[in-house]
Amino acid sequence: AQKVTQAQTEISVVEKEDVTLDCVYETRDTTYYLFWYKQPPSGELVFLIRRNSFDEQNEISGRYSWNFQKSTSSFNFTITASQVVDSAVYFCALRGYNQGGKLIFGQGTELSVKP
Amino acid sequence: ETGVTQTPRHLVMGMTNKKSLKCEQHLGHNAMYWYKQSAKKPLELMFVYSLEERVENNSVPSRFSPECPNSSHLFLHLHTLQPEDSALYLCASSPQSRDGEETQYFGPGTRLLVL
């Protein structure tokens with residue numbers, strides 16, 4: 001069975017703080033793909049990153065960084081120097097190899113960044 | 001227009017009404033998806049179309065009827081819905097589903113309220 005757990009339901013920080021959103025996954029596939037999406041209040045899911053299971057390099061994109069650790073089945077997302085515009089619900093998702101379109105989403109973490 | 005668009009953005013309907021949700025993608029993709037997002041629940045995949053053929057139907061009640069006339073358009077026909085069907089309905093598209101690597105891009109969603 002495949003599963004994604006985002007244990008943090010809500011996080012509230014003050015602007016300029018760093019914040020890490022946790023994502024833990026379960027899969028029996030040896031090849032799989034992990035994703036992060038952002039859902040602002042407007043509702044649209046915005047794609048942030050895709051990571052393949054065979055590529056454990058961490059990635060940085062501006063203020064965003066991702067830490068992929070196969071040993072702990074985690075794919076955590078850090079926002080550095082958070083801004084009010086980062087306020088949104090963030091979803092981690094998993095798709096196994098040859099699973100067609102089946103993306104398994106976590107429950108989401110609602111991030112609130114206060115000025 | 002670019003990306004994935006959905007109409008209407010908001011819909012209120014009675015349980016005896018018939019309505020349709022429309023999704024259009026301008027990304028040259030040939031796989032399209034319907035998801036349901038209810039409050040406090042993870043996103044649920046409803047249907048997958050690949051090259052206009054339905055390849056996945058996740059035990060969705062028959063009061064939801066999808067239609068994919070071509071690779072750019074996807075419809076969700078609704079009839080005799082229940083109040084618990086009230087949710088945000090998200091459409092997504094991706095390159096043809098292969099081994100799971102392809103990224104899905106989402107529209108802004110239709111927020112549906114069934115009275």
Side-chain angles (χ1 to χ4, degrees), chain A residues 1-10 23-55 59 61 66 75 88-110, chain B residues 2-6 8-10 23 25 27 29-51 53-59 66 68 74 87-112:
Chain A
Q2 302 193 328
K3 186 179 177 183
V4 175
T5 301
Q6 293 179 256
Q8 304 148 308
T9 307
E10 297 176 15
C23 173
V24 174
Y25 62 91
E26 296 174 31
T27 180
R28 291 184 179 174
D29 290 343
T30 52
T31 300
Y32 51 88
Y33 306 91
L34 295 163
F35 303 79
W36 275 96
Y37 286 88
K38 173 183 179 180
Q39 187 176 39
S42 59
E44 178 177 353
L45 266 78
V46 178
F47 167 71
L48 296 178
I49 190 172
R50 181 186 74 216
R51 175 59 79 212
N52 305 329
S53 55
F54 42 87
D55 180 4
E59 178 141 348
S61 175
W66 290 269
F75 186 41
V89 181
Y90 291 85
F91 290 94
C92 181
L94 163 73
R95 189 193 300 137
Y97 184 76
N98 264 339
Q99 289 294 309
K102 188 163 273 187
L103 265 178
I104 307 298
F105 282 88
Q107 297 269 33
T109 297
E110 183 172 2
Chain B
T2 58
V4 182
T5 58
Q6 290 186 244
R9 294 294 310 276
H10 301 271
C23 175
Q25 59 94 3
L27 299 169
H29 293 160
N30 43 31
M32 297 186 79
Y33 313 79
W34 278 117
Y35 287 85
K36 177 184 179 182
Q37 186 179 24
S38 306
K40 309 294 183 187
K41 285 179 139 184
L43 277 83
E44 303 169 62
L45 179 64
M46 300 174 72
F47 301 105
V48 180
Y49 276 83
S50 181
L51 294 172
E53 181 183 335
R54 191 191 310 180
V55 296
E56 181 119 11
N57 176 347
N58 266 0
S59 304
C68 187
L74 184 66
L88 180 67
Y89 288 85
L90 289 158
C91 173
S93 72
S94 75
Q96 184 183 352
S97 182
R98 295 191 315 269
D99 60 1
E101 182 176 10
E102 63 286 342
T103 296
Q104 294 179 22
Y105 293 89
F106 285 79
T110 294
R111 195 163 292 280
L112 173 67

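Letters A, B, ... are given to chains in the order of the sequence lines, protein chains preceding strands, and every chain is numbered from 1.
Note that CG of B:Leu90 and OH of A:Tyr37 are 11.0 Å apart. Values are rounded to the nearest 0.5 Å. Distance check, rounded to the nearest 0.5 Å: CD of B:Gln104 to CZ of A:Phe47 gives 11.0 Å.
For chain B, no part of A:Tyr32 is nearby; none of its heavy atoms comes within less than 4.5 Å. Proximity to chain B (any heavy atom under 4.5 Å) is restricted, for A:Gln39, to the side chain, taken from C-beta onward.
Summarising the geometry of A:Arg50 relative to B:Thr103, their closest heavy-atom pair is NH1-OG1, 3.0 Å, with the distance given to 0.1 Å. In terms of heavy-atom proximity, B:Pro42 sits nearest to A:Gly106 at CB-O, 3.8 Å.
Within the 4.5 Å cutoff, no side-chain heavy atoms of A:Glu44 are placed close to those of B:Gln6. Two residues are said to be in side-chain contact when any heavy atoms from C-beta on lie closer than 4.5 Å; B:Tyr35 and A:Leu103 meet this criterion.
Annotation: A:Arg51, atom CZ; neighbour count of heavy atoms from other residues, nucleotides and ligands within 6.0 Å is above 12.
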